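By convention in this document, chain letters (A, B, ...) are assigned in the order of the sequence lines, proteins followed by strands, and residues within each chain are numbered from 1. Computed from a prediction, not measured in an experiment: that's the story for all the values here.
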Protein chains: 2
Amino acid sequence: MAETLTATALTLKDIAREAGVSLATVDRVLHNRPGVRPDTVRRVQAAIERNAFQPHVAAAELARGRARRFAFMMPSGPNPFMQQIEAYLGEMSAWLSARRLSVEMVATDVFDPSVLAASLETLSGDYDGVAVVALDHPGVRAAINDLVDAGTKVVTLVSDVPSSRRHHYVGIDNIAAGRTAGALVGRLAGQRSGKVAIVAGSQGLRDHAERIFGFNQVMASEFPALSVLPVLEGRDEDDRSEQVLARLLGKHTDIVGLYNVGAGTQGVAKALSDKALSDAGRDKVVFVGHDVTVLTRRLLLQGVMDAAISQNPGHEARAAVRVLLALARGEPILREQEKIRIDIVMRDNLP
Amino acid sequence: MAETLTATALTLKDIAREAGVSLATVDRVLHNRPGVRPDTVRRVQAAIERNAFQPHVAAAELARGRARRFAFMMPSGPNPFMQQIEAYLGEMSAWLSARRLSVEMVATDVFDPSVLAASLETLSGDYDGVAVVALDHPGVRAAINDLVDAGTKVVTLVSDVPSSRRHHYVGIDNIAAGRTAGALVGRLAGQRSGKVAIVAGSQGLRDHAERIFGFNQVMASEFPALSVLPVLEGRDEDDRSEQVLARLLGKHTDIVGLYNVGAGTQGVAKALSDKALSDAGRDKVVFVGHDVTVLTRRLLLQGVMDAAISQNPGHEARAAVRVLLALARGEPILREQEKIRIDIVMRDNLP
DNA sequence: CTCAAAATGAGTTGCGTACCTCAAAACACC
DNA sequence: GGTGTTTTGAGGTACGCAACTCATTTTGAG
């Protein structure tokens, strides 16, 4: 009736006895220190695996003495999503200090590749791990690889540099996010036919470009009754987003759907509401955007916005820390746990 | 540019010096041991708070000696969702044993309150923490309270007993889940009007009843064009679900939506597909169900199913363990982290 | 003031590992 | 066989805290 998981209470001493060697030798094998004959190494490793031995992390952590230092390199501008990540890191402070971990926020212009690369280089040697909101650019890639070569653990956060040798990526698949947005706009538009507008920050940003790509993919293949208008660029600013969208809404009277890829949500919502007022007969425009903020929460509750595609910033912050810690300790990563999901948030499942 | 979170490297010795007392007294205060004058207690606590002191969890864990034991009390029958939870616990085994934690699975008939209560009583004293898939019943409530009084940490899993003094509930809000399902069926049905069917396991199950309640709430208030038919009971069995649903589909030709509250998904899908074949002119029925399994994943990809409301079983398993551990250690719980979200899963954001 | 009870100080031991030193043993090579 | 090198053993110290003992000081009641 009861089935037990886990819990061998073996210690290094037991492993040493089993392998017929001394503690010192086990220690040398465990930490890849030199001066052990190959077949002795094998004997020790065999004993470790035979018993599924796991070093006691508490003891290891205590013995190593010095604390671990991690750095988070984040965009310097006022970005609500990044601020949320910082806030959630702040909420972890008790958790961090109970484990003698320190996390330092380093602000930099992540949109300028040379600045970002230079900032990354300055971190070398000072940290056990670095999380970085990275731009995909050769200079940045090289800087990341240098960090890795120096023994620092590196995870990319929110935005990936797949061509680098970073140890892990904590973030969502943006193409799939765009596809999800497309499916939602298409499905929520019901039987209607008409046009669909896209407002993005800039098509130069990798994550925005990927989302648009996924969105168009789905629209083209599954919703032939809807035609996608050329992408509007709002630079993630409210005013500009409002202007470009208002103009488009004026020009086309048969817009039934709207996908807001990045920020500037306030402006987008305003353009939408104004149009609805001035033009009462018109059907409601299906509006899908990204991220759950104070604003999008309100828009969802009011029914202005129909769905938000969200990546949980708290989860991203904590996952980044846990992954860096696991990497630093040489522990396995719980992939399933650290994976960031694409959340569909509607009014009734608002977190 | 760099802002540091965390990381006082203070020790108990420092606190003792600050408070002008000895290590022994600090220890007494920290562990609520008797024999300390009230105002000395205050002085020590003041020093602790002034420095935001956090005991080094690694040192504490190492010093306490004995390992911690947790029990998971799960339904004995073959339930795919529960099996997933067990599987994810299994994946944690390395993580658990590195922390010298043991997790034992205890199977019991959770649907018989007296059996469940008796099983819970047998655990008393043997475990530091218990996670239980609980039935809301006075006998069960009493058994949980007894465990709590004996000093065992208790979390309810998936299904709650809010009237008990359990320390934490790891699971979703089922009324909100039902509301979400309702909003999806309503929105995905588009402009159409017609009838909506509900297939549940049994209306006697608390979680099913709550989901139906939430579903009806939304349908009544927001989708007047859709009328909800009386609930069909499929007892979570495939055959029975198929039969009752097939009969209903035969009787009503204007069914546009279907909410499957529990299991029996295979049967529901079969009834739906058969009907669609025999009756080609008919519009597709919007089908919303629960949980991501091998089957629902396939149905979503095929387009038979439109959305699944899901609670992440891996997250539930890990959250339960982490919460029990935090409770046992006296650490604060990261509420945001341990909260189980209502996931909307559609084809393009399948995990 | 006296005396018992309460409060506090001082100290010890052990948890399992990391990291280090030094000596001893085993080995390879000529 | 002797040499130098590599490999191994033995042991120590430190990490921060839990949990305990026992002696000493302080306190309050009579």
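- The side chain to side chain donor-acceptor pair (under 3.5 Å) test with A:Glu61 is passed by exactly one of A:Arg99, A:Arg100, A:Arg329: A:Arg329.
- Using modelled atom types, one finds no donor on one side chain facing an acceptor on the other under 3.5 Å when comparing A:Tyr88 with A:Glu316.
- In this structure, A:Asp27 atom CG and D:dT8 atom C1' are separated by 13 Å, rounded to whole Å.
- Residue order along DNA chain C, read from the 5' end via each residue's closest nucleotide, puts B:Pro38 first among B:Leu62 and B:Pro38.
- Here B:Gly65 lies out of heavy-atom contact (under 4.0 Å) with every strand.
- In this entry the distance linking NE2 of A:His56 with P of C:dT17 reads 8 Å, nearest Å.
- Side-chain proximity of B:Arg64 to the nucleotides D:dC20, D:dC17, D:dA18 is greatest for D:dA18.
- Separating the CD atom of A:Gln54 from the P atom of C:dT17 is a distance of 11 Å, rounded to the nearest angstrom.
- A heavy-atom distance below 4.5 Å is found between the side chains of B:Ile340 and B:Val170.
- Distances shown here put every side-chain N or O of A:Thr11 at or beyond 4.0 Å from the OP1 or OP2 atom of C:dC15.
- Between the P atom of C:dT8 and the CZ atom of B:Arg17 lies a distance of 19 Å, rounded to the nearest Å.
- Side chain of A:Arg28, nearest nucleotide from D:dC20, D:dG9, C:dT17: D:dG9.
- Pair assignment for D:dT3: C:dA28, on the basis of Watson-Crick or G-U wobble contacts that are both within less than 3.5 Å.
- Remark: of the listed residues A:Val321, A:Val130, A:Val133, A:Val321 is the sole one forming a side chain to side chain contact (heavy atoms under 4.5 Å, CB included) with A:Phe72.
- Looking only at side-chain heavy atoms (C-beta outward), B:Leu12 and B:Leu30 come within less than 4.5 Å of each other.
- When distances are taken from the side chain of A:Val21 to each of C:dT8, C:dT17, D:dG9, the shortest belongs to D:dG9.
- Atom NZ in A:Lys13 sits roughly 11 Å away from atom P in C:dG14 (whole-Å rounding).
- Among C:dT17, D:dA18, C:dG9, the nucleotide with an atom closest to any side-chain atom of B:Ser22 is C:dG9.
- Using a 4.0 Å heavy-atom distance criterion, A:Ala60 is classed as a sugar-phosphate-only contact.
- Note on B:His31: a side-chain N or O is less than 4.0 Å away from OP1 or OP2 of D:dA18.
- The interatomic distance linking A:Leu10 (CG) with C:dG16 (C1') rounds to 12 Å, in whole Å.
- Considering only side-chain N and O atoms, B:Arg33 lies under 4.0 angstrom from the phosphate OP1 or OP2 of D:dA19.
- Within the structure, a side-chain polar atom (N or O) of B:Arg37 is placed less than 4.0 Å from OP1 or OP2 of C:dT8.
- Between the P atom of C:dG16 and the CD atom of B:Glu61 lies a distance of 12 Å, rounded to the nearest Å.
- We find that A:Arg33 and A:Asp27 are joined by a salt bridge, their nearest charged nitrogen and carboxylate oxygen being less than 4.0 Å apart.
- In this entry the distance linking CG of B:Leu12 with P of D:dA19 reads 12 Å, nearest Å.
- Side-chain nitrogen and oxygen atoms of B:Thr25 include none within less than 4.0 Å of the OP1 or OP2 phosphate oxygen of C:dA7.
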